[in-house]
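Below is one structure, written out as structure tokens, with a few remarks after it.
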Amino acid sequence: MKNPYLTAAIATLAACVYAPTTIQAQGKAPRTVQVSATTAPPVIRTILNQSTLLELPAEEKVATIFGGNTDDWLINAGHVASRFVSVKPKAAAAKSTTNLHIISDHGNDYTLELKEVSADQAGGFDSTVFLVQTDTDAQKKIADAPVFVPVAEVKEKEERLEREVAQAKAAAAADKKTAETAQEKYQSTYPSNLHFAYSWDQSKAKALGVRQIWDDGKFTYIQGKFEEPPVVYELKDKKPSLINFDFANGLYTVPKLLQNGYVAIGKARVEFHRQENN
């Protein structure tokens, strides 16, 4: 008869003996990598589930990125223009090796070989890599002004412009609404602001063509049917003075409140006076 406890112990021991040993890869200390157009691309060691940060010189920003195998790699330069690029493999070593080109805003090309090292974990992986150009021409480009606008920076400006346009449209719509409300209020109250408080000689007015005179508290209006448009005068201390006015379609609009005045054609004239108690 088999001992069930002995059987279970043997099974547990066998599982421990034959279980694969997992080596936890360690991140290497940050290192500086030299890049040159005349030498082979440096190898950047990466590993699954870990990000490696690539850092351009302080004077440069990432303009754009080209990767050979974007299916098996996550490559991210962020949404804001910077000098940092994060890379992370999505597949194990058998598939995950590719080249990477980082083009800076100064026109420099940082060409690298990305390698997933799960099969060679003893060497560790790169956690942070500082990229340095060794070519004289590339170093001169860094000293000059940028020649490219980073894609992230363009997107940022486009998004900011879109926000500003949206805000301007919203402000214009609000202003329009305010103006419409003010106009509606003005139109609804305007009739009550009209004052027909003027007196004049009706027979003289009929001969001259004057039909009505009124004001809205700010402007004075004289309406009539005139064969010849008369001139409008203001009377102050019984002394006449010419005033500015607009005339269209038989209507005079005087941009002030007249208390006393007259309209005249040659020697013919009609005086009018505003009655304050009306």
Side-chain angles (χ1 to χ4, degrees), residues 20-159:
T21 301
T22 301
I23 301 175
Q24 182 64 42
Q26 298 297 319
K28 298 166 64 175
R31 66 186 181 107
T32 299
V33 169
Q34 295 182 341
V35 180
S36 172
T38 60
T39 60
V43 177
I44 308 299
R45 294 171 59 86
T46 68
I47 197 165
L48 288 172
N49 303 319
Q50 297 289 342
S51 293
T52 297
L53 184 66
L54 309 176
E55 184 174 336
L56 269 60
E59 300 84 359
E60 295 191 280
K61 292 182 179 180
V62 178
T64 189
I65 297 174
F66 302 97
N69 179 3
T70 55
D71 292 333
D72 296 328
W73 291 83
L74 292 174
I75 302 172
N76 186 5
H79 299 292
V80 178
S82 71
R83 56 194 180 99
F84 304 103
V85 178
S86 172
V87 296
K88 180 192 291 188
K90 295 190 291 184
K95 293 183 179 179
S96 208
T97 299
T98 189
N99 63 335
L100 175 68
H101 298 277
I102 304 173
I103 310 300
S104 79
D105 59 346
H106 288 257
N108 284 325
D109 176 14
Y110 293 83
T111 300
L112 311 169
E113 182 182 345
L114 304 179
K115 184 176 181 180
E116 202 282 318
V117 294
S118 294
D120 183 22
Q121 297 188 22
F125 68 94
D126 291 312
S127 57
T128 302
V129 177
F130 304 107
L131 304 177
V132 176
Q133 286 282 356
T134 59
D135 293 340
T136 302
D137 290 342
Q139 292 173 351
K140 288 181 179 178
K141 289 180 180 179
I142 292 176
D144 295 335
V147 294
F148 297 127
V149 178
V151 174
E153 192 170 307
V154 172
K155 290 182 178 179
E156 181 185 5
K157 289 182 178 179
E158 289 177 347
E159 291 172 355

- Starting at CG of Asp135, measure out to NZ of Lys140 and round the result to the nearest 0.5 Å. 11.5 Å
- Message: Counting C-beta onward and ignoring hydrogens, is there a side-chain heavy-atom pair between Tyr110 and Gln133 closer than 4.5 Å?
- Response: yes
- Any chance you could lay out the side chain to side chain contact (heavy atoms under 4.5 Å, CB included) test for Leu100 and Ile44, step after step, and finish with the verdict? CA-CA 10 Å; Leu100 175 68; Ile44 308 299; over 6 Å; no
- How long is the span from the OG1 atom in Thr70 to the NZ atom in Lys90, to the nearest 0.5 Å? 7.5 Å
- Query: Closest heavy-atom contact between Thr111 and Pro42?
  - Reply: O-CD, 3.5 Å
- Query: Which atom names give the shortest non-hydrogen contact between Leu114 and Trp73, and what distance separates them?
  - Reply: CB-CH2, 3.5 Å
- Message: Checking Gln34 against Ser36: is there a side-chain donor and acceptor pair closer than 3.5 Å?
- Response: no
- Query: Could Asp126 and Lys28 be called an ion pair, given the rule that one side-chain N must be under 4.0 Å from one carboxylate O?
  - Reply: yes
- Looking at Ser104 and Leu56, what are the two nearest heavy atoms and their distance? CB-CD2, 3.8 Å
- To the nearest 0.5 Å, what is the distance between OG1 (Thr128) and CZ (Phe84)? 9.5 Å
- Would a 4.5 Å heavy-atom cut-off, applied to side chains only, mark Glu116 and Thr97 as touching? no
- Item | Min side-chain heavy-atom separation Ile102-Leu131 under 4.5 Å | yes
- Message: Using side chain to side chain contact (heavy atoms under 4.5 Å, CB included), reason through Thr46 and Lys88 one step at a time and then give a plain yes or no.
- Response: CA-CA 7 Å; Thr46 68; Lys88 180 192 291 188; over 6 Å; no
- Side chains of Asp72 and Pro89: does their closest heavy-atom pair fall under 4.5 Å? no
- Task: Compare every heavy atom of Thr52 with every heavy atom of Phe125, then report the nearest pair and how far apart it is.
- Result: CD1-OG1, 4.5 Å
- Query: Ignoring hydrogens and geometry, is there a side-chain-to-backbone donor-acceptor pair from Ser86 to Leu53 under 3.5 Å?
  - Reply: no
- Query: For Lys115, does the NZ atom sit with more than 12 other heavy atoms under 6.0 Å from it, leaving out its own atoms?
  - Reply: no
- Which atom pair, heavy atoms only, marks the closest approach of Ala63 to Phe148? CB-CB, 4.0 Å
- Query: What are the two closest non-hydrogen atoms of His106 and Glu59, and how far apart are they?
  - Reply: NE2-O, 3.1 Å
